[in-house]
Structure formats: C-alpha cells, structure tokens
Enquirer: 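Pasting a structure below so you can have a look.
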Amino acid sequence: MARVFIYPATSLILSDLVARFGHKPLGTALSVRERIQTAGLDSPPLQMTPDDAKKGLKWAAVEVPSGVRGRMSLFGPLIDQAEAAVLVSNPDFAFGCMGCARTDELVEYLVRRKDIPVLELNYPLDEEEGILFVRKVRDFLRGLESASPEKAS
Amino acid sequence: MSNDTVRIAQLSCGPEYSGVQKEIYTAAEAVGAEVFFPDLSLADIRRNFRDFGLDVRSGDLKLAIARAVALVEGSVEADGVFIASCFRCAEAAIVRNELRRYIHEHSKLPVVSYSFTERTTSGTLLTRMEALTTIARRRALLARERQTGLTMGVDSGSSTTKAVIMQDNGIIGTGWKPTTEVIASADEVIRLALEEAGIKRDDLEAVGTTGYGRFLIGEHINADLVQEELTVNSKGAVFLADCQHGPSTVIDIGGMDNKAISVLDGIPGTFTMGGICAGASGRFLEMTAKRLGIDITELGPLAMKGMGDDVPMNSYCIVFGTQSLVNALAEGHSKEDVAAAACHSVAEQVFEQQLQEIDIKEPVVMVGGTSLIQGLVRAMGNLLQTEIVVPHHSQYIGSVGAALLSSGFVEKN
Amino acid sequence: MIDTIPPLYAGTVTKYVFIESFKATPDDIAARAYEVSGGVMIKETCFGLQVTGPEEEVEKVIAHIREVDPAHIYVKDRGFPPGDPRRCRANLGGARPGYFGHEFEMGFIRRIAAGLEDLEREPSGLPASGDRKQIHEGLDVSRLMEIIEQEA
C-alpha cells in the first residue's frame, strides 16, 4: 500500500478511488484531523494557530503571505511523506484548504519536483472521459505496487 | 442604542490558515457583534462570480466576491461587512479593494477592510469592529447635526489628550496636554477646559470619551458615551468643516496610527486605520522637529518655505527615516528643505498605504494635531490634487465629535 | 463559539459516505451500516452518512455498505467529527468551505460511476494507455435498466 498525495487535497473522487484501489490517500482531512484532536489548541475553526504559518516557512519564505504558509503547513507534511501523487488540474471551484491559487501552484510544483510517480489528469467532461479517468487512476495505482520511481502522465 | 447582536459578514481569504480567525471572533464578540459567512449554493457562487466579472483564480476570493454580490443584492442580510485577506497578496488586494468599493457604491452597509499577518491580534481589530457596530447600532445618534445643552468630549490619544466643552452648538472651552499617565492627563485637560469655559464639572449635562484611553477615562468620569474614534472623528470633522451632508473624506494622521475615512452624510462608509510603520505617523514629524532643534509648532511654517524634492526621504520606518534626515542635513540641505521632505514623506506613505483603500471624495478634511503642520497639509494636497480643508479646532476633532454626539444624552439625563 | 473546545473523539477517524445510488437510499445504507456498526457512530446526513470510530472498525463498516452498490457509494476522510461546533453550519452562518467542493464533484459523479461500472464489467480491464476507449454506440444496457428502475 502506497501513500498517495491527492490534489485537490479535499477531493472526494480522488480520496475514494485511491482507497478503493488499495492505497492510502493523503488529503488535508488528515492534517486537519491531527490539529482537531490535539489537546490544548484553542484556535477555531481549524485549530490552526500563528505557529502554523511559521511552520510553513519550511516550504515558503517569510515574504510569502501568511495564508499560503499556513496552508503549506497542512500540505507540506503530506507531500513529504507521499510515495506517489494524483493531480487533477482543473478543479475550478475549490475552497478552504484549496482556496488559494498561489498555494495550489506551489503544491503542484513541489509534487512534480519530488522524485515520485505522478499521475496528472483533468476532471472528466462526460461519461466517456469518466471511464478513461477511472481506468487511468486504477492502472496508475496498480503500477505503484511494482513501480520504480518514474513519472507517469 | 440597541444592544441586539450586530451581524458582520466576513468576506475573506486566509484568516483560518494564518491562525487569526479566532482573533476576528474575539474582537467581534468584545463589541457585541457576531461574525458570519454568507451562505450560498454553488450555483449562486458561480453566477455571482461570473456576473461580477473579476476573473481571479483563488477559490476563496471567488467565494468572497460571490458573497459580496449576495450582500449587495440583499439575498443575505448583514449589518456590516469585514473584508480580510493576507498581507502581501496581490490577487487578494485587488479583490479586497474592488469589493470594498462595490459594496460602498451599491449599498449602505459599512465596510472595513484589513490585510492581516499571523501576528494580527484581536486588539488590532477591536476599534474597527467597534466602528462597524457603532454605525449599525447608533445610526440615529450619528445623524445628530447640532450640539445641544452643555456637554464635554474627552479624546485620550496615544500622543495627546484633549477636552472640549460645548454649549448651544459652539465651543466654549478647550484643554490640551501630551498624554503621560492616562487618567492624570485627562483630569488635567478637563480642568483646563472647565476653567476656560468658566463652569464646574457638575454643570455638564452629558460627557463623551473617545481615543485609545476611552474605556478607562469613560469609567473614571462616568461618561454617557464611550465610542471609538473612527465614527467620532468623522462626525467632528464634518461638523467643524460644515459638510454634514453628502460625501467627504477625513484624514487623521495621528501619533501612533492614521485614519482615512470615506464619509457620507457624516457616517463612515469605508475606512482604514493604522497598519503602517511609524515613518508615516505624526511621531516621525515630532522626531524631525526635535532633530532640527525646533518646536513641532514651527515645523509646518518651516516646511512651507522649503522644497523637499531634492531630499531623498521615503521610508516607512522611523529609524530609516531619521537616518535619511541626518544624511540630508550632513549633505548640506537646508532645514527648510528637510522639513518639507519629512512632510512629503509622511504624506506619501499615507497616500500609498492607506488612501488607496478608500474612495477619495471632495471635500478632503484633514484633522488631528498634524493638520496644524501646514507643510504636511500642502504635501497631501499636492498628492491628492485638491485643496485640503482644515477646519478650526481641527486638533480637537475627537473631543468635538464626542461633545456633539454626547448631547444626544442630554435629554435623557 | 470561541470557547475552548476539548478534542472531540480523540483517536478516532471520521469518514464521509456519499450515496448516489438508485438501488439504495441513505436510510437503507444507514440500516446496513448499523448491522455491523458495533461501537462506531453513524450519523445520517442529506448526502449519506458520516461514520466515526476507531479506524479499523470504520473501514469494516464502509466495506460492508460499499457492497450494496460499489460504483455509487463514495468515501473520503473528514478532519472534523460530526456536529463539531467549529464547523457546524448553524454556527458558521454558512456552509463550511469543503461542502462546495463536494457539491462540485457530486455534480458529475455519474461520470466516475460510469468508469467504475465499466471496470465491473471488465474486471481484467485493458490499460488506458492514454487512448480513448472504444465506446459502443447507443445507450449501454445496464444504464438503460438503471433509468427504467429509477423511473419506476
């Protein structure tokens, strides 16, 4: 079972498909859960504190807006532990963790730069594309079981 | 005044992820307000975003735009709007600016916009939130155009404390002192104002306080009105400048922070406050006067004789600004030119950092102690390409506003 | 709303279960979940269920309910436990941001279902290899049957 970073990191479809085909989806729900279940934090709604923006300095410099750095403290550790990634490039209307385009650009870049297999897709526009979409994800995930680290596309 | 909870719609990108959302909640709760996120369906978000026409990429900014349209159209009700985005984000700055303008032009909702960092605290946001709630709760009081009875206003600022006594729509006593110990300074300026007016404390029919020390002084003198300086200064400015009807712009460059307020019929519509460094404050002008070996009251006339264009000085930071000052003098520039450059530098920072956040509509009224520095007023007028109005008693603006508004309590008392 | 909230359901996971099935309503799925729920908390929602509990038990419940209609039941992790006051719509005054993302994806989930159904029909499925799959002309028989049953 591989740890697979998904983008959009809040995607129901990607989370479902990765788990359905036997791998562990790495989405921001995991990062949020970790904070929500940490005692002593008191910073609703996400229990994110100014410290998260400081932790984000690992991935983005201090002149980068605090919202980008804070979001990176959610995404960054997931990217660090990812063994593969599935990226969908046309999320259109995505909010919250995914609501900052600058963060999204940085996340995509960091994933591509990492030496792991990456599958890049677009959301399907019809059922025919849906069939291809699911097959590509399935085949990519199957390939992880024996794959050497090379990029898929 | 109604104590009903004031509902403030939040349009934002980033505060949850910067760890400052709780600070927003805390500031709102402290002034009896509740922050909420306008509820829309995805279909409404798509339609509103498309109709607005600003094609940004970030999802949360699209959501903020869609929510703003819903507020203007009235499909979501609110008493005020708080627009917030990350400091240094260009995309968000464009959205913040356009939404503020859009809401101001198409509704009567008061708007405050703010760019935060992870260091933003509820204390920083408190006065802004308080102003939003004041406008929502005290519209009737803010509509007051004449002072009645015998009232006093005390303005406890970061640099100076001021008191004004008014009777039958006129000023009959004033007091002014640098702020040292907050209560002692207030007691002293009240004594001075009472003495000039020739009345006793017990003769006063109502009292109001404003400024940083408003709560402390308000309790100390048992004030009828304790109100933040954004609404009070706006009221004082349009009263003294005789522009109570229609649009106007109020600029108050203070000792510690600056206020820029877009006013309609005496009530703030949009405003910004502070947020920049001391190089753009009255404090820098005090430093300049000290370095030039003159009293602050002499700085204005001196600057009027100088030409600041040749003196490089444009730092946000008071330390670097002072360095430029020292360098300029060492290079042989005249005191007059250096004084003019310092005035231009402060005006330029305020223009670049704050006046872009509000709509400048004439008349532009400058108030507060720094409005007496003619060189600063001239520099601001040059930047805005307009004749700046400096009303009489402009340094007492907060006290005048508080005395005027507190007369709403005269009949009650 | 800003009072300190102690960690709720520490050590558990919460998963959303989205149901877009003509074979079973969320009620049916909930009933099936209760069959094996044990100590797991099941909360019914407008889109399906939220299942909260120790991870292994949650997975067991999900595997059980997926069997009803595998291509039309979708699962994802949720950071918050159900009804958390920090994320509750009633407290926020509006939907949590993630809700719209789900609304967006559920708007075309039928396309994903088609892909999953396709795999069910061809369990050994050919690799996609980037090419468009040969699509049969006209309406697929199983899809036609679904429509008939939905209309019934």
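First the proteins, then the strands, lettered A, B, ... as listed; each starts at 1.
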Enquirer: Please check if the number of heavy atoms outside Arg119(B) that lie under 6.0 Å from its CZ is greater than 12.
Expert: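 At most 12 heavy atoms, drawn from other residues, nucleotides or ligands, come within 6.0 Å of this atom.
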
Enquirer: Once side chain to side chain donor-acceptor pair (under 3.5 Å) is applied, do any residues pair with Ser262(B), and if so which ones, sequence neighbours excluded?
Expert: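 Listed in chain order: nothing, the list is empty.
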
Enquirer: Hey, what do you get for CZ (Phe95(A)) to CG (Leu61(B)), rounding to the nearest 0.5 Å?
Expert: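 It is 10.5 Å, given to the nearest 0.5 Å.
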
Enquirer: Nearest 0.5 Å please: distance from the CZ atom of Arg102(A) over to the SG atom of Cys13(B).
Expert: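 Reported value, rounded in 0.5 Å steps: 10.0 Å.
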
Enquirer: Charged N to carboxylate O under 4.0 angstrom, Lys54(A) versus Glu118(B)?
Expert: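 Not counted as a salt bridge, because no side-chain N and carboxylate O are separated by less than 4.0 Å.
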
Enquirer: Pick one of side chain, backbone, both or neither for Phe49(B), based on which atoms fall under 4.5 Å of a heavy atom in chain A.
Expert: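 Only the side chain of Phe49(B) comes within 4.5 Å of chain A.
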
Enquirer: Sort out for me which of Asp51(A), Val64(A), Thr49(A) touches chain B most, counting heavy-atom pairs under 4.5 Å.
Expert: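 The answer is Thr49(A).
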
Enquirer: Just by modelled atom types, is the Cys100(A) backbone N or O under 3.5 Å from a matching donor or acceptor in the Asp60(B) side chain?
Expert: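 Not a single qualifying donor-acceptor pair exists.
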
Enquirer: Can you tell me if CD on Glu77(B) sees more than 12 non-hydrogen neighbours from other groups inside 6.0 Å?
Expert: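 Incorrect, the count does not exceed 12.
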
Enquirer: Which distance, rounded to the nearest 0.5 Å, do you find between the OG of Ser66(A) and the CZ of Phe87(B)?
Expert: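 Between atom OG of Ser66(A) and atom CZ of Phe87(B) there are 10.0 Å.
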
Enquirer: At their closest point, which heavy atom of Arg88(B) faces which heavy atom of Val62(A), and how far apart are they?
Expert: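 Distance-wise, the nearest heavy atoms are NH1-O, 3.4 Å.
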
Enquirer: Just verifying a value: how many Å separate Thr117(B) OG1 and Arg69(A) CZ, rounded to the nearest 0.5 Å?
Expert: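 The distance works out to 8.0 Å.
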
Enquirer: Over all heavy atoms of both residues, which pair between Pro50(A) and Gly19(B) is shortest? Give the atoms and the distance, please.
Expert: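 Distance-wise, the nearest heavy atoms are CD-O, 3.6 Å.
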
Enquirer: For the OH atom of Tyr17(B) and the OG atom of Ser73(A), what is their distance to the nearest 0.5 Å?
Expert: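 Here the rounded value is 10.5 Å.
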
Enquirer: For a quick test of reading the model, state the closest non-hydrogen atom pair linking Ala101(A) to Ser58(B) and the distance between them.
Expert: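 Reported closest heavy-atom pair: N-OG, 2.7 Å.
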
